[in-house]
Amino acid sequence: MKISVFGLGYVGAVTSGCLSTLGHSVVGVDYSEAKVALINQGKAPVIELDLDKTIGEAVGSGQLSATHDANEAILATDLSLICVGTPSRRNGDLDTSAVKSVCAEIGAALRQKSSWHSVVIRSTVLPGTIRNVVIPELEATSGKKAGVDFGVGSNPEFLREGTALSDFHAPPKTVIGAEDERTGSEIESLYSGIKAPLVRTSIEVAEMIKYSDNVWHALKVAFANEIGIICKSLDVDSHEVMDIFCKDSKLNLSGYYLKPGFSFGGSCLPKDVRALVHKARSLDLDLPLIGSILPSNEKQTTRGLDMILQLGKRPVSILGMSFKAGTDDLRESPILEVIERLLGKGYDIRIFDRNVNLSKLVGANREYLLRMIPHVSSLLVDSLDAALLHGEVVVIGNGDPEFRSIAPRIRQDQFVVDLVRIQDRGTLDGQYDGISW
Ligand SMILES: NC(=O)c1ccc[n+]([C@@H]2O[C@H](COP(=O)([O-])OP(=O)(O)OC[C@H]3O[C@@H](n4cnc5c(N)ncnc54)[C@H](O)[C@@H]3O)[C@@H](O)[C@H]2O)c1
């Protein structure tokens with residue numbers, strides 16, 4: 001393919017060099033005369049392992065050249081990758097001014113071009129940037145329509161500096177966000193020589209992926225560092241702890257616990273986080289990340305409660321009372337907290353949970369339930385039908401598979417509050433809200 005790459009910094013230089021080695025014909029564009037000159041001399045404009053050699057060979061074979069003339073680059077190519085910087089503003093906001101100004105240059109060039117051209121954003125931009133900044137700027141300056149006269153897509157970059165070239169050839173994934181099929185397929189064919197899981201999705205999901213990835217990576221570093229601080233104070237070898245931690249790919253390094261939903265609860269997680277936070281405090285350790293876990297969890301419980309209160313409807317039926325399906329353990333179940341606060345506000349509530357039978361509950365579990373809701377026996381119903389009959393608001397509190405089938409049984413006057421994503425809004429559009437979706 002004939003490709004123009006806008007911005008010849010770390011991402012643009014690596015992308016230009018590597019796409020050339022895949023056989024594409026690449027024109028790099030930067031307003032820095034120095035960077036353009038370096039590329040045209042076959043030299044890397046940034047320090048990165050093997051980049052000098054790659055760019056030298058690509059320029060030598062005529063696969064790669066550079067210019068500061070956006071117009072010339074657009075007219076000579078079929079697809080542009082925008083790799084300009086998106087730094088932080090002083091207030092932390094993302095500065096998209098370079099993306100906007102490069103779009104103005106590309107749009108002006110597109111005005112003179114009669115053939116199709118795809119514009120692909122590789123810079124890291126917040127969800128909504130392509131729809132609200134990139135597309136309007138391209139349309140205003142070109143006088144053309146996105147998706148009709150030219151294509152727009154998102155293709156975030158996952159390279160790590162220092163191993164950028166090997167990451168380019170073996171990325172963890174290739175993510176392509178595009179609305180029109182043509183742009184999506186063109187981006188896909190850019191990487192046809194690369195073996196990596198490929199995901200086609202919407203533009204907004206592709207934009208967001210990069211943030212969830214990078215915030216997750218940052219969270220991992222901060223978490224490991226805080227575990228290290230507490231280990232050191234307790235004279236425990238932090239590296240041995242984390243080596244063993246990392247061997248667990250079932251619960252620790254896995255997709256488990258990583259779907260948005262309701263607060264965590266049960267007899268272990270809240271208790272154990274609380275104990276470690278208390279221990280750190282007693283050792284005069286400041287662990288802002290680990291210390292923020294319980295407040296974050298409580299916030300999610302309050303969000304669930306607010307969703308119900310804001311509907312201004314009552315009575316309420318709660319489906320699922322234990323913190324997860326398939327158990328009768330009610331200790332620190334967050335939905336109990338919601339029920340308790342609703343009762344305090346005078347709500348008329350019925351609860352259905354197939355696994356919770358008051359006569360069979362014993363010990364700490366029973367004590368906890370009766371302390372939270374002393375007259376719970378008068379609220380429990382023994383069938384899903386009885387629960388569905390009662391409430392104008394139906395709250396799905398845990399992921400019991402039985403609750404998946406409720407959509408056809410929801411009346412016109414009822415509203416479903418889903419705390420666990422037991423179902424998509426589907427047929428319940430207008431009568432359904434999910435806590436984080
Ligand atoms: N550096 C990384 O490891 C990395 C990894 C993944 C994603 N990203 C993202 O990729 C984007 C680029 O990052 P970077 O580190 O390569 O940035 P960088 O600052 O190294 O390079 C940006 C380049 O864009 C050029 N530029 C700015 N405005 C221009 C314009 N109007 N026309 C032509 N060129 C212009 C600048 O001169 C500069 O050479 C950012 O959004 C960043 O968040 C970076």
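Not measured: the values here are computed from a predicted model. By convention here, the first residue in the shown sequence is residue 1. Just follow the structure's listing: the first ligand is 1, and inside any ligand the first atom is 1.
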Trainee: Does T124, backbone or side chain, put an N or O under 3.5 Å from an N or O of ligand 1?
Mentor: yes

Trainee: Verify, without hydrogens or angle tests, whether N40 (side chain) and A66 (backbone) share a donor-acceptor contact under 3.5 angstrom.
Mentor: yes

Trainee: Report yes if some N/O of K35 lies less than 3.5 Å from some N/O of ligand 1; otherwise report no.
Mentor: yes

Trainee: Salt bridge (charged side-chain N to carboxylate O under 4.0 Å, His left out) with E332: which residues, sequence neighbours excluded?
Mentor: R274

Trainee: In terms of the angle between their ring planes, are Y191 and F168 parallel, tilted or perpendicular, with boundaries placed at 30° and 60°?
Mentor: tilted

Trainee: Between R122 and ligand 1, is there a nitrogen or oxygen pair with a distance under 3.5 Å?
Mentor: no

Trainee: Under the 6.0 Å and 45° cation-pi test, does R331 pair with Y368?
Mentor: no

Trainee: Give the residue, atom name and distance (to 0.1 Å) of the protein heavy atom nearest atom 18 (P) of ligand 1.
Mentor: G9 CA, 4.0 Å

Trainee: Looking at atom 1 (N) of ligand 1, what's its closest protein heavy atom, distance included?
Mentor: E161 OE2, 2.8 Å

Trainee: Under 3.5 Å, is there a donor-acceptor pair between the side chain of S4 and the main chain of I74?
Mentor: no

Trainee: Regarding D95 and R89, does a basic nitrogen lie under 4.0 Å from an acidic carboxylate oxygen?
Mentor: yes

Trainee: Where on Y31 is there a heavy atom closer than 4.0 Å to ligand 1, on the side chain, on the backbone, on both, or on neither?
Mentor: both

Trainee: Quick test: of every protein heavy atom, which one is nearest to atom 41 (O) of ligand 1, and how far off is it to 0.1 Å?
Mentor: T86 OG1, 2.5 Å

Trainee: Does atom CD of Q112 have more than 12 heavy-atom neighbours from other groups under 6.0 Å away?
Mentor: yes

Trainee: Distance-only, no hydrogens or angles: does the D52 side chain make a donor-acceptor pair with backbone N or O of A44 under 3.5 Å?
Mentor: yes

Trainee: Nearest protein heavy atom to atom 37 (O) of ligand 1, by residue and atom, and its distance?
Mentor: D30 OD1, 2.6 Å

Trainee: In terms of side-chain geometry, is the basic nitrogen of R314 or E392 positioned less than 4.0 Å from the acidic oxygen of its partner?
Mentor: no

Trainee: For K210, which part has a heavy atom under 4.0 Å from ligand 1: side chain, backbone, both, or neither?
Mentor: side chain

Trainee: Taking heavy atoms and a distance under 4.0 Å, where does L159 meet ligand 1: side chain, backbone, both or neither?
Mentor: both

Trainee: How does C83 reach ligand 1, if at all, at less than 4.0 Å between non-hydrogen atoms: by side chain, backbone, both, or neither?
Mentor: backbone

Trainee: Quick one: look up the protein heavy atom nearest atom 35 (C) of ligand 1 and list residue, atom name and how far away it is.
Mentor: V84 CG1, 3.5 Å

Trainee: So which protein heavy atom does atom 13 (O) of ligand 1 come closest to, and at what separation?
Mentor: V11 CG2, 3.9 Å

Trainee: Can you find an N/O atom of R160 closer than 3.5 Å to an N/O atom of ligand 1?
Mentor: no

Trainee: If you have a sec, work out which protein heavy atom is nearest atom 17 (O) of ligand 1 and how many Å separate them, to one decimal?
Mentor: G85 CA, 4.1 Å

Trainee: Report the nearest protein non-hydrogen atom to atom 24 (O) of ligand 1: residue, atom name, distance rounded to 0.1 Å.
Mentor: G7 CA, 3.4 Å

Trainee: Report the part of E105 (side chain from C-beta onward, or backbone N, CA, C, O) that has a heavy atom under 4.0 Å from ligand 1; answer both or neither where that applies.
Mentor: side chain

Trainee: Judged by atom type as modelled, is there a donor-acceptor pair below 3.5 Å linking the side chain of E186 to the main-chain atoms of L79?
Mentor: no

